[in-house]
Every structure is written in structure tokens, then in C-alpha cells.
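All values below come from the heavy atoms of this structure, side chains included, with hydrogens, waters and symmetry mates left out. Residue numbers run from 1 in the order of the sequence given. What you see is a predicted model, and the numbers here were worked out from it, not measured in a lab.
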Amino acid sequence: MVAGMWIRSTMAYRSSFALTLVTSFCVTFFDFVVILLMFGQVRGLGGFSFAEIALLYGTAGTSFGIADLTMGSLQKMGKRVRDGSLDTFLMRPAPLLAQVAADKFALRRFGRVAQGLMVLVWGLFLLDVEWTPLKVLLLPVTVVCGAVIFGAVMVLGASTQFWMQDAAEVTNSFTYGGNTLLQYPPTIFAQELVRGVVYVVPLAFVSWLPALYVLGRPAPAGVPEWAAFASPLVAAVCCGAAGLAWRAGIRSYRSTGS
């Protein structure tokens, strides 16, 4: 209901919404323009072709776009804790997380989702792989689970802001930064970094591991082949950790005293 209210408010100025949606699409597309310019000079990057990198970019970008669309408002949790506006949400008979995520729902963020989907479809059209029913099923599961993993990281970051109100940029380094990292093949990064996004902050399950299976390439950092299908399990674990952190943050909240 809250998200619907903000959508109706946005659509009251349709020209403004169309302009901001196009702007959001173009700004995010500039990230892919960098890759296009790069492949104007080289034939491959880290042993990956343009179509293969488009697949990596599209899966990661679409997953992050969905998470940003639904959970992007959590970035303002620190401000709500500082000014006491979080108290308003606590007084309402509705789940706090749902209220905070839906508040000031920005439909313009759909431009990021559309841009990621466009690149994903483009990459699939250019790819020359042997498709199987398992690979076809794995792609939508990867996008959905990737969105859940990114969303869980956003909730974890918002939870830390109950204690560190200015930690939003730390969370962004894992969300926006992680999205940028996953847009490129793991072969161009140091093995320590690759192991970090597999075993510490499991962002590799958003895009890298499932996409490498689709492409018929070996998994990085000595990860077993079956890990390509572990995204649902990883997403569930991340949601559990995010839920515990969120509840701990709520229990520690003491308002501003204003």
C-alpha cells in the first residue's frame, strides 16, 4: 500500500517520470558503454568474449536492479535513526522492514532493471553455447536468487546503521561495488579477491558461478562444479543472517530522545 501510494504520486507527473526513467536507463548504460569501447580495441578480456561478458553483465545488472528497486530505500536507514523518523514506522501495525523498504519507493529505478535485461537478452542472442533444459532453467533462477542475495546484503547494511548511522557508503561498496565487480570475468582479478566473493561475501553466486556453468567454463578458486546450483541455498542463508541482524538492530534501537 505504501509503495502504491508513492507510485501514484510519481505517475501524477508522467512527463517528469518518463524523463527520470530514461535518465536512469542512460546513466546505467554508460557502464556497458565502457565495455563496448574496450572491445573496440581488443577481442577478448581475461579469455572471455564480448557475448560472454554481456551474459555476466546482464545477470548481475538485472539482479542488482531488482534488489535496488525493492530495497534501495534502506540506504536512508542511518538518517531515520538520527532524526527519529523511524519511530513513526514503529508505531504502525505493519512489519518495520516492509515499511522502510516501501517508503519513498522510486519507480525510476526500474530503468536499471530494464538496462540489465536488455544486455542479458543481447548476450544470450550472441552466445554460441549448447543449451540444455538445465541451463535454460538455471538462468531465471540465477537472476531471482541474485536479487535475493543483493537484497539480503542491503538489509545487513541497513542493520549496521542502527549502531553506525553513517555507514551507508560501506554497504554501497558491497552492493554497487559488488555489481560492478561481477560485470567482469573473474579471471582478471586476484585469486584472493575471487575467494573473498565466494567464501566471505558470497556475491559470486549472484552471477559468476552459474554463468560459468552455462558457458561451460571451470569455476574459479577451486570451487566445485555443483556450486553453480547452490544459489538458492546461499540466498536462504543470507536471508537468515540478514533477518538476525535486523532483529538485533531493532532490539538495540532506543530512539533519539527528541
Side-chain angles (χ1 to χ4, degrees), residues 1-13 16-17 19-21 23-24 27-28 31 63-113 146-181 196-197 200-203 206 235 237-258:
M1 292 174 63
V2 174
M5 176 189 70
W6 285 103
I7 292 174
R8 289 192 298 272
S9 174
T10 300
M11 297 307 293
Y13 304 91
S16 175
F17 167 69
L19 182 60
T20 55
L21 183 65
T23 302
S24 175
V27 169
T28 55
D31 292 338
S63 294
F64 178 73
I66 296 173
D68 189 46
L69 177 66
T70 55
M71 295 291 183
S73 295
L74 291 176
Q75 298 178 40
K76 301 177 182 178
M77 176 59 70
K79 179 179 181 298
R80 292 188 175 96
V81 171
R82 286 195 303 271
D83 62 20
S85 60
L86 188 64
D87 293 359
T88 305
F89 299 106
L90 289 169
M91 294 172 62
R92 297 171 181 168
L96 178 62
L97 180 59
Q99 292 186 71
V100 176
D103 186 51
K104 298 190 177 185
F105 185 84
L107 193 59
R108 57 177 171 76
R109 291 179 176 144
F110 184 75
R112 184 183 292 274
V113 181
V148 173
I149 293 172
F150 269 129
V153 174
M154 291 179 181
V155 174
L156 279 168
S159 302
T160 64
Q161 294 181 48
F162 281 104
W163 299 278
M164 301 178 292
Q165 288 82 32
D166 298 318
E169 292 304 321
V170 177
T171 305
N172 291 343
S173 67
F174 290 100
T175 53
Y176 288 89
N179 177 45
T180 302
L181 177 75
V197 295
V200 182
V201 183
L203 295 179
V206 172
V237 172
C238 289
C239 285
L244 292 174
W246 182 257
R247 289 179 179 272
I250 294 175
R251 286 195 298 267
S252 70
Y253 180 64
R254 294 295 181 269
S255 187
T256 61
S258 59

Residues in salt bridge (Lys or Arg N to Asp or Glu O under 4.0 Å) with D31, at least two apart? none
How would you list, by chain and number, every residue that makes a ring pair (Phe, Tyr, Trp, His ring centres under 6.0 Å) with Y13, sequence neighbours excluded? none
Determine, stepwise, if the pair I250 / L96 fulfils side-chain contact (heavy atoms from CB on, under 4.5 Å). CA-CA 9 Å; I250 294 175; L96 178 62; 3.7 Å; yes
What is the minimum heavy-atom distance between A102 and A3, and which atoms define it? CB-N, 3.9 Å
Using 0.5 Å steps for rounding, measure from the CE atom of M11 to the OG atom of S16. 10.5 Å
Taking Q161 for the side chain and V81 for the main chain, is one N or O donor matched with an acceptor at less than 3.5 Å? no
So which heavy atom on A152 is nearest to which on A242, and how close? O-CB, 3.5 Å
Got L181 and L203 here, is their nearest side-chain heavy-atom distance under 4.5 Å? no
Under 4.5 Å between any side-chain heavy atoms of M5 and M1, yes or no? no
Straight-line distance of F17 CZ to I7 CD1, nearest 0.5 Å: 8.5 Å
Is it true that D103 and R80 have a side-chain N and a carboxylate O under 4.0 angstrom from each other? yes
Apply side-chain contact (heavy atoms from CB on, under 4.5 Å) to residues V197 and V206 and explain how you reach the verdict. CA-CA 10 Å; V197 295; V206 172; over 6 Å; no
Sidechain-backbone polar pair: S24 side chain, L21 backbone, donor-acceptor under 3.5 Å: no
What distance do T171 atom OG1 and Y176 atom OH have between them, rounded to the nearest 0.5 Å? 11.0 Å
Run the side-chain contact (heavy atoms from CB on, under 4.5 Å) test on C238 and V148 for me, step by step, so that the C-alpha distance in whole Å, both residues' side-chain angles and the decisive distance to 0.1 Å come before the verdict. CA-CA 8 Å; C238 289; V148 173; over 6 Å; no
Ignoring hydrogens and angles, tell me if any N or O in the side chain of T23 forms a donor-acceptor pair with the backbone of L19 under 3.5 Å. yes
Derivation of the side-chain contact (heavy atoms from CB on, under 4.5 Å) call for T160 and M77: CA-CA 9 Å; T160 64; M77 176 59 70; over 6 Å; no
Say you draw a straight line from CG of D68 to OG of S63; how long is it, rounded to the nearest 0.5 Å? 12.5 Å
Out of curiosity, R109 CZ to F64 CZ, how far, rounded to the nearest 0.5 Å? 9.0 Å
Shortest non-hydrogen contact between Y253 and G84, atoms and distance: OH-CA, 4.0 Å
How close do L156 and A245 get, heavy atom to heavy atom, and via which atoms? CD2-CB, 3.6 Å
I need the minimum non-hydrogen distance between A67 and F150, along with the two atoms involved. CB-CB, 3.6 Å
How far apart are the closest heavy atoms of R112 and G65, and which atoms are they? CD-CA, 3.7 Å
Spacing of L74 atom CG and W246 atom CH2 [to the nearest 0.5 Å]: 6.0 Å
